[in-house]
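What follows is a short report on a single structure.
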2 protein chains.
Amino acid sequence: MSEIRNTRDEILDAAESMMRTAGYNAFSTRDVAASVDIKAASVHYHFPTKSDIGAAVAHRYTQRFIDSLGDSAAFKGNADKAVAHYADAFRTALVRDGKLCLCAVLGAETGGLPPEVAASARIFFERNLEWLTAALNEHGKRGIPAALSRATLVLASLEGAMILSKSLANQAVFERVVRGLLLTPGK
Amino acid sequence: MSEIRNTRDEILDAAESMMRTAGYNAFSTRDVAASVDIKAASVHYHFPTKSDIGAAVAHRYTQRFIDSLGDSAAFKGNADKAVAHYADAFRTALVRDGKLCLCAVLGAETGGLPPEVAASARIFFERNLEWLTAALNEHGKRGIPAALSRATLVLASLEGAMILSKSLANQAVFERVVRGLLLTPGK
DNA sequence: GTCTATAATTTGATAGAC
DNA sequence: GTCTATCAAATTATAGAC
C-alpha cells in the first residue's frame, strides 16, 4: 500500500544526507535533483530557493530528534539514565546513519548560512537544552542552574564527540566521550 | 622596520578568517584576493589550487595552537590546572578572534573537503589529544587510558562549546561548559 | 508536477604580457 | 609577483511548454 512517491520528502531526505555529510555549501540543487532522479527545475517547484530546502531539512530534523527522545519527565530522579538515553540518540545518528548531527554541521557553518537556516540550527540547540535541563532537574534536588550547566556540557560534549569521531574515523572516540560523561556526572 | 608585505601570509590570514567564519566551501579564491587587494590570478601564483590554501591554513593553525599551549609536562600532577589552561586557549580563539576553532569547522565538513584538507584537520585533533593526554597523565597516578578518556572529553566538550556558543550568540554558553568540565574532573 | 531551455553569475584555474 | 584576459564548468533560479 501507499507506494505513492512523495517527491517533497525525497528531496528533504537527499538534502539532509548531503548536508550532514559535507555541509550546506557543499551541495547544489542539481545534486539533490540527481539523487531523487528528477530535474533541478522540479526541485524549485517544491522549494523555491535552496535556503528553503535548508530550513525545511533543519526543521524536520529537530522535530524528529526531539520526538525520538520521548518525555523528559520520565527521567526525573535519575540523571545518569537521562544522559545515557540522550547519548543513545546521538549514537544512533552517528552509527545508523554514519553521519554527523545536522546541527553540528550547521552550527559550524553558522557564518556562511542564509539567516533562516542559521536560525533553524539555533532552535535545535535551544530545544535540546530545554529537554535536557528538564530531564536533569530532579524536582529541586539539583536546581535549574546546575541542571542547565550539566545539560550544556552534555550537549556540547556529544556534538563535539561526533565531529571528532567522524574526523578521526574512529567510533571508539565517541564512546570514550560518552563513558567520560557518565563517569563524571557532576554529582 | 620590516613593513615588507608578505602576500603569502596575508592570503593565509584572509583564508583562515573566512574558513573559521563560514567553512571551506563558503569562500572563493576571488574572495581571498579581494580581501588581500590583489587579483585571483596572483593568489594562484602562491597557491596553485584552493585545497593548497586550505591545507596550508590548517597546518599553520595547528602549529600555532599547539605552540601556544607550551610544555605539557608543566602540568603533571595538576589535572585541573591543565584543563583550565587548555580551555583558555579555546576561549582566546573564540573571544579574541570572535570565531570558531578552524578544525571544529573542518571536522564538521569532513565529507565535503579535499582529502588533504580533511587530513590536516585530523592531525589537529590527534596532536591535541596527545598534548592533553600527556598533561593529564600524572606520571602513572592516573594512567594513560583514563587520561586519554578525560582528554577526549575535554577536547570534544570545548569544540562543541564553541559551536553552541557561536550558534546561540552567547558566550556564557561556552563558560558554562568550561565550568562544568572543571567541576566534574573525573577524579 | 515535471520537463526543456536558458539566463545571469560565480567558480577554480590557466596563458601570457609586464 | 602581479596583472589582463579568458575559459570551461557549475551555480541558483526563472519562463513557459506539456
Side-chain angles (χ1 to χ4, degrees), chain A residues 2-19 21-58 105-106 109 111-120, chain B residues 2-58 60 105-106 109 111-120:
Chain A
S2 132
E3 294 163 18
I4 317 142
R5 171 173 164 152
N6 187 333
T7 305
R8 199 191 135 93
D9 287 344
E10 287 178 38
I11 289 169
L12 294 179
D13 290 343
E16 178 182 318
S17 172
M18 290 171 187
M19 288 166 73
T21 299
Y24 178 82
N25 290 303
F27 79 94
S28 71
T29 52
R30 275 176 152 80
D31 293 333
V32 171
S35 173
V36 177
D37 206 38
I38 56 178
K39 297 297 174 183
S42 302
V43 172
H44 284 289
Y45 167 80
H46 295 277
F47 300 94
T49 68
K50 186 185 169 182
S51 56
D52 290 329
I53 302 177
V57 166
V105 182
L106 295 182
E109 290 182 300
L113 297 179
E116 326 93 83
V117 181
S120 300
Chain B
S2 132
E3 294 164 20
I4 316 142
R5 171 173 161 149
N6 186 334
T7 306
R8 199 192 135 92
D9 287 345
E10 287 179 37
I11 290 169
L12 294 179
D13 290 344
E16 179 183 317
S17 172
M18 291 171 186
M19 287 167 73
R20 289 176 62 188
T21 299
Y24 178 83
N25 290 303
F27 80 95
S28 71
T29 52
R30 277 174 152 84
D31 293 332
V32 171
S35 173
V36 177
D37 206 39
I38 56 178
K39 297 297 173 182
S42 302
V43 172
H44 283 289
Y45 167 79
H46 294 279
F47 299 94
T49 69
K50 186 185 171 184
S51 57
D52 289 330
I53 302 176
V57 165
R60 188 185 69 164
V105 182
L106 295 183
E109 290 182 299
L113 298 178
E116 326 93 83
V117 182
S120 300

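Just so we're on the same page: letters track the sequence lines, and every chain starts at 1.
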*Which ones in residues 39-49 of chain A lie close to DNA chain C, meaning a heavy atom under 4.0 Å from one of its atoms?*
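The answer is A/Lys39, A/Ala41, A/Ser42, A/Tyr45, A/His46.
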Specify the separation, in whole Å, of atom [atom1] of [X] and atom [atom2] of [N].
X: A/Ile11; N: D/dT12; atom1: CD1; atom2: P; result: 14 Å
X: B/Asp52; N: C/dT14; atom1: CG; atom2: P; result: 10 Å
X: B/Phe27; N: C/dA13; atom1: CZ; atom2: P; result: 11 Å
X: B/Lys50; N: D/dA10; atom1: NZ; atom2: P; result: 15 Å
X: B/Arg30; N: D/dA9; atom1: CZ; atom2: P; result: 17 Å
X: B/Arg8; N: D/dT2; atom1: CZ; atom2: P; result: 13 Å
X: B/Asp37; N: D/dT2; atom1: CG; atom2: C1'; result: 12 Å

Taking only N and O in the side chain of [X], is any of them less than 4.0 Å away from OP1 or OP2 of [N]?
X: A/Thr7; N: C/dG1; value: no
X: A/Thr29; N: D/dA13; value: no
X: B/Ser28; N: C/dT10; value: no

_Passing option when B/Val32 is tested against B/Leu12, B/Ile11, B/Ile38 for side chain to side chain contact (heavy atoms under 4.5 Å, CB included)_ =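 Answer to the side chain to side chain contact (heavy atoms under 4.5 Å, CB included) test with B/Val32 among B/Leu12, B/Ile11, B/Ile38: B/Ile11.
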*Is the closest side-chain heavy-atom distance between A/Ile53 and A/Val43 below 4.5 Å?*
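With C-beta onward as the side chain, the pair touches.
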*asked:* Are the side chains of A/Lys50 and A/Tyr24 in contact, using a 4.5 Å heavy-atom criterion?
replied: yes
*asked:* Let me confirm one number: the CG-CE distance from A/Asp31 to A/Met18, rounded to the nearest 0.5 Å.
replied: 5.0 Å
*Evaluate whether atom CG of B/Asp37 has more than 12 neighbouring non-hydrogen atoms of other residues, nucleotides or ligands under 6.0 angstrom away.*
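At most 12 heavy atoms, drawn from other residues, nucleotides or ligands, come within 6.0 Å of this atom.
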_Cation-aromatic face contact B/Lys39/B/Tyr45, 6.0 Å, 45 degrees_ =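 No - B/Lys39 does not lie over the ring of B/Tyr45 by the 6.0 Å and 45° rule.
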